[in-house]
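Computed from heavy atoms alone, side chains included, the values below leave out hydrogens, waters and symmetry copies.
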Amino acid sequence: MSSIQIYDSLEGQLRPFEPLQAGRVGMYVCGPTVYSHVHLGNVRTFLSFDLIFRYLQHQGLKVRYVRNITDAGHLVDDADEGEDKVGKRAKLEQLEPMEIVQKYTVNFHEVMQAFNALPPSIEPTATGHIIEQIALTQQLLANGWAYESNGSVYFDVEAYHAKHTYGVLSGRDIDAMRSGSRELDGQSDKRSPLDFALWKKASEAHIMRWASPWGEGFPGWHLECSAMSTKYLGESFDIHGGGMDLKFPHHECEIAQNQGAHAHGGARYWMHANMLTLNGKRMSKSTGNTLLPGELLTGNSPHLSKGYSASVARFFIHQAHYRSVLDFSDEALQAAEKGYQRLTNALNVLEKRTASGPVAGTFDVEAWQQGCVDAMNNDFNSPILIAHLFDAVKAIQADQQDPALLGQDGAAALLGHLKAWMFDVLGLQAEAASGATGASSQKALDAAMAIVLDARRKAREQKDWATSDAIRDQLAAGGIQVKDGADGSTYSVQE
RNA sequence: GGUCUCGUGGCCGAGUGGCUAGGCAAGGCUCUGCAAAAGCUUGUACAGCGGUUCGAAUCCGCUCGAGACCUCCA
């Protein structure tokens, strides 16, 4: 048995995963800022961690998975009068900020559900933890790592750096940053441009505001994650995840806050999911180079020739390793769709396998299973896992010709494992579930098609090819494809 | 400009100091009245130039190219 190895961004290398408490895992992942719809790039990150969450559970670990909702404090830019993202959107849509938060949180949940992502164990919000954030700010002030300035409180990076090291996670040299940073425009309350806000004073126009010891204001963006991870997972916990783009400054600041307040960096393993690019460029809300989940499902996008099911998208995403940049294209999606269909076809074949052949087969199911486990243990290498799944596909097909390959026991064992990998770990959904057809109409269609195919069978028996082909062509025109097999014809509905 | 990552066969995408990743596409074959579908099968890639090594695509250096971060973004 191999053990789980995790690539720790902090050390830049693979490390054996040893949870703080045997059998239990505390995992924190930075969630979305709910000021607009999540795009597929966001979805990729959350699906990467969903896969990790699922696999850890599959391995029998009890996971407390905390993923926050950022609903305040995330500014449009770093300028002192920067607008809050949620607040800005609220003005734009003429809604109460909390209506914006509600609207996009609901949307986020719908999207996550559509992609079959499991809900986290706890999903805390920044606005729900103002008290904790104020307390954390006070702690940092008391420890001497922060200062108040004109109603705002800033983290003193220079002071912190004198004792600890700022920039370890992102591999940044503070001296270079100091010289490379832009000049302060004179109206800043910060002592150093490197300092970041823990608490900001609210200007007249700022609509999201809370009372604090420093007057009315709002929390800095980085603060919520430190406050909430500590509250629900403790001062030291196992895994902290997020998108690669959060490494700096967000996670760097989080480490400084945790270190400054509790003398622990917080997470023991830092994991970063890589970006999803579109046309070779990063998907980003601000540049408009995006694809929304809904557009993917419907195909209503200039980037797509058709719609793809959520499972196909998941399959596509997990065919790449979470730490690699993945480029999104219609062609790649089509390839993934074909491959995914082959995988599900093989599963169907295996499910329908009749009890034939010897009890024991020659295919070593347990060795195959171990290969799958090894792949996932190696920093959640889902592409390798999927490659193994296709080895199983090959075996299942070969077994059709020679039932001694799997044997009855082997077939049953393989079926159980295969389903677990596909549905429990990779989070794929059975085809019927993602299709639009309901169970009742499917049943009706089956009944009607049985009649049609029977009529065609009779025509074929009489070698009445004209009639048989006419039926087939007309069905094809109506979107139903007929497949003639050795033991009768089957059909499938085309998209 | 600084920091970092990457450059794999037609496409996507793993991996690695010596042993076929995998998927899609393409060619061949089987099945078949024809077709479709399905299955089987073939292909020997690792940006370029040097270096280290018995041996490198894998390590080192340089060059070219791409991307990320350095200001908000998963």
Side-chain angles (χ1 to χ4, degrees), chain A residues 12 29-33 35-36 38-49 67 70 74-79 82-85 88 167 170-173 176-177 179-182 193 221 241-250 252 272-277 280-287 290 315-316 319-321 323-343 345-346 349 375 378 381-391 393-394 396-398 400-401 460 463-465 468-469 472-473 476 481-486 489-492:
Chain A
V29 171
C30 290
T33 300
Y35 71 105
S36 70
V38 286
H39 58 66
L40 273 179
N42 304 109
V43 171
R44 183 198 181 187
T45 295
F46 300 129
L47 290 184
S48 293
F49 287 103
R67 186 185 62 207
T70 298
H74 202 160
L75 303 185
V76 171
D77 56 51
D78 199 34
E83 272 188 288
D84 184 284
K85 288 190 173 197
K88 182 183 180 184
S170 53
R172 253 154 248 266
D173 174 20
M177 289 171 65
S179 58
S181 67
R182 282 176 288 175
W221 174 40
M244 197 76 101
D245 50 350
L246 296 184
K247 223 170 171 180
F248 187 90
H250 186 59
E252 202 70 75
H272 290 95
N274 218 321
M275 301 292 104
L276 180 69
T277 57
K281 289 270 164 71
R282 172 171 175 192
M283 229 180 253
S284 163
K285 290 178 195 173
S286 50
T287 60
T290 58
F315 182 77
F316 169 71
Q319 259 191 315
H321 186 76
R323 280 193 287 122
S324 297
V325 173
L326 175 61
D327 191 44
F328 193 97
S329 70
D330 190 60
E331 199 185 359
L333 255 279
Q334 283 190 28
E337 184 172 56
K338 289 269 181 62
Y340 176 60
Q341 279 166 359
R342 243 189 93 209
L343 184 59
N345 281 345
V349 166
N378 184 16
N381 199 321
S382 53
I384 297 286
L385 169 65
I386 290 174
H388 283 306
L389 297 189
F390 279 102
D391 287 341
V393 168
K394 220 168 189 177
I396 291 165
Q397 300 296 358
Q400 289 294 103
Q401 307 303 318
R460 294 181 75 211
K463 296 196 190 297
D464 180 1
W465 307 126
S468 119
D469 288 358
R472 184 175 66 196
D473 293 346
Q481 184 183 44
V482 176
K483 302 168 190 172
D484 294 334
S489 303
T490 57
Y491 77 96
S492 63

Taking the side chain from A:Gln319 and the backbone from A:Ala336, do they hold a donor-acceptor pair closer than 3.5 Å?
no

Given B:C70, B:G13, B:G23, the nucleotide with the shortest approach to the side chain of A:Leu326:
B:G13

B:C12, B:G22, B:A14: which one has an atom nearest the side-chain heavy atoms of A:Asn381?
B:A14

In whole angstroms, the gap separating P of B:C31 from CD of A:Gln397 amounts to 18 Å

Can you check the distance between B:G15 and B:G50, where both ends of the measurement are the P atom (answer in whole Å)?
29 Å

Of the listed nucleotides B:C24, B:A38, B:C12, the one nearest the side chain of A:Ala332:
B:C12

May I ask you to verify whether the side chain of A:Thr277 and the base of B:G67 hold a donor-acceptor pair under 3.5 Å?
no

Do the ring planes of A:Phe316 and A:Phe328 sit parallel (below 30°), tilted (30 to 60°) or perpendicular (above 60°)?
perpendicular

Per A:Glu331 side chain, nearest of listed nucleotides B:C40, B:C11, B:A74
B:C11

Using a heavy-atom cut-off of under 4.0 Å over every strand shown, decide if A:Ser324 touches base, sugar-phosphate, or nothing.
sugar-phosphate

Check ion pair A:Arg472-A:Asp469 (N to O, under 4.0 angstrom)
yes

Would you please confirm or rule out a distance under 4.0 Å between OP1 or OP2 of B:A74 and any side-chain N or O of A:Asn274?
no

In Watson-Crick or G-U wobble terms, with both distances under 3.5 Å, the base opposite B:A38 is B:U30

Pair assignment for B:G1, Watson-Crick or G-U wobble, requiring both distances under 3.5 Å
B:C70

Nearest non-hydrogen partners of A:Gly243 and A:His272, listed with the distance:
O-CD2, 3.5 Å

Pairwise P distance, B:G7 and B:A47 [rounded to whole Å]
7 Å

Distance between P atoms of B:C46 and B:C59 (Å, rounded)
16 Å

Selection from B:C72, B:A74, B:G23 that lies nearest to any side-chain heavy atom of A:Ala335
B:G23

Whole-Å gap separating P (B:G39) and CZ (A:Phe390):
10 Å

From CE of A:Met244 across to P of B:G67 the rounded distance in Å is 16 Å

Atom CZ of A:Arg323 and atom C1' of B:G15 are separated, to the nearest Å, by 12 Å

Sugar-phosphate, base or nothing in reach of A:Ala320, heavy atoms under 4.0 Å:
sugar-phosphate

Using atom P of each nucleotide, how far apart are B:C24 and B:C40 to the nearest Å?
10 Å

Atom P, compared across B:C11 and B:A26: separation rounded to whole Å
15 Å

Which base, if any, makes a Watson-Crick or G-U wobble pair with B:A25, both distances under 3.5 Å?
none

Taking only the P atom of each, what is the distance from B:A68 to B:G61 in whole angstrom?
24 Å

For the side chain of A:Asp245, counting heavy atoms from C-beta on, which of B:G15, B:C24, B:A74 is nearest?
B:A74

The single option from A:Val38, A:Asn42, A:Thr70 passing side chain to side chain contact (heavy atoms under 4.5 Å, CB included) against A:Thr33
A:Thr70

The side chain of A:Arg342 is closest to which nucleotide in this list: B:C12, B:A14, B:C24?
B:C24

Could you tell me whether a side-chain N or O of A:Thr277 sits under 3.5 Å from a main-chain N or O of A:Leu326, the two making a donor and an acceptor?
yes

Assess the side chains of A:Asp330 and A:Gln334: does a donor N or O sit below 3.5 Å from an acceptor N or O?
yes

Mate of B:G7 where both pairing distances stay under 3.5 Å, Watson-Crick or G-U
B:C64

Rounded to whole Å, please give me the gap between CZ in A:Arg460 and C1' in B:A36.
11 Å

So does A:Gln319 get a side-chain nitrogen or oxygen closer than 4.0 Å to the phosphate oxygens (OP1/OP2) of B:G23?
no

Can you tell me whether the side chain of A:Asn345 and the base of B:G39 have a donor-acceptor pair closer than 3.5 Å?
no

Kindly say if A:Lys247 contacts the phosphate of B:A68, meaning a side-chain N or O under 4.0 Å from OP1 or OP2.
no

I'd like to know if the side chain of A:Asn381 reaches the main chain of A:Ile384, judged simply by a donor and an acceptor atom lying under 3.5 Å from each other, with no hydrogens or angles considered.
yes

To the nearest angstrom, how far is A:His272 atom NE2 from B:U5 atom C1'?
14 Å

Pick the P atom in B:C31 and in B:A21, then give their distance to the nearest Å.
32 Å

Kindly confirm or rule out a cation-pi arrangement of A:Arg67 over A:Phe46, judged by NZ or CZ under 6.0 Å from the six-membered ring centre and within 45° of its axis?
yes

Please confirm whether the shortest side-chain N or O distance from A:Ser48 to OP1 or OP2 of B:A74 is below 4.0 Å.
no

Proximity to the side chain of A:Asp469 - top-ranked nucleotide from B:G23, B:G33, B:A74:
B:G33

Taking donor-acceptor contacts at under 3.5 Å, does the side chain of A:Arg472 reach the base of B:A36?
no

Without decimals, in angstroms, what is the distance between A:Lys85 NZ and B:A74 C1'?
11 Å

Report yes if the ring of A:Trp465 lies under 5.5 Å from the six-membered base ring of B:G33 with planes under 30°, and no otherwise.
yes

Would you indicate what A:Gly242 reaches in the nucleic acid, counting non-hydrogen atoms under 4.0 angstrom: base, sugar-phosphate, or nothing?
sugar-phosphate

Under a 3.5 Å limit for both distances, which nucleotide forms a Watson-Crick or G-U wobble pair with B:U52, could you say?
none

With respect to the phosphate group of B:G2, does any side-chain polar atom (N or O) of A:Arg172 fall under 4.0 Å of OP1 or OP2?
no

Among B:A38, B:A14, B:A74, the one nearest A:Thr33 by side-chain distance
B:A74

Out of B:G33, B:A74, B:A14, minimum distance to the side chain of A:Leu246 belongs to B:A74

Partner nucleotide, any strand, of B:U44 [Watson-Crick/G-U, under 3.5 Å]
none

Rounded to whole angstroms, how far apart are CG on A:Asp330 and P on B:C11?
17 Å

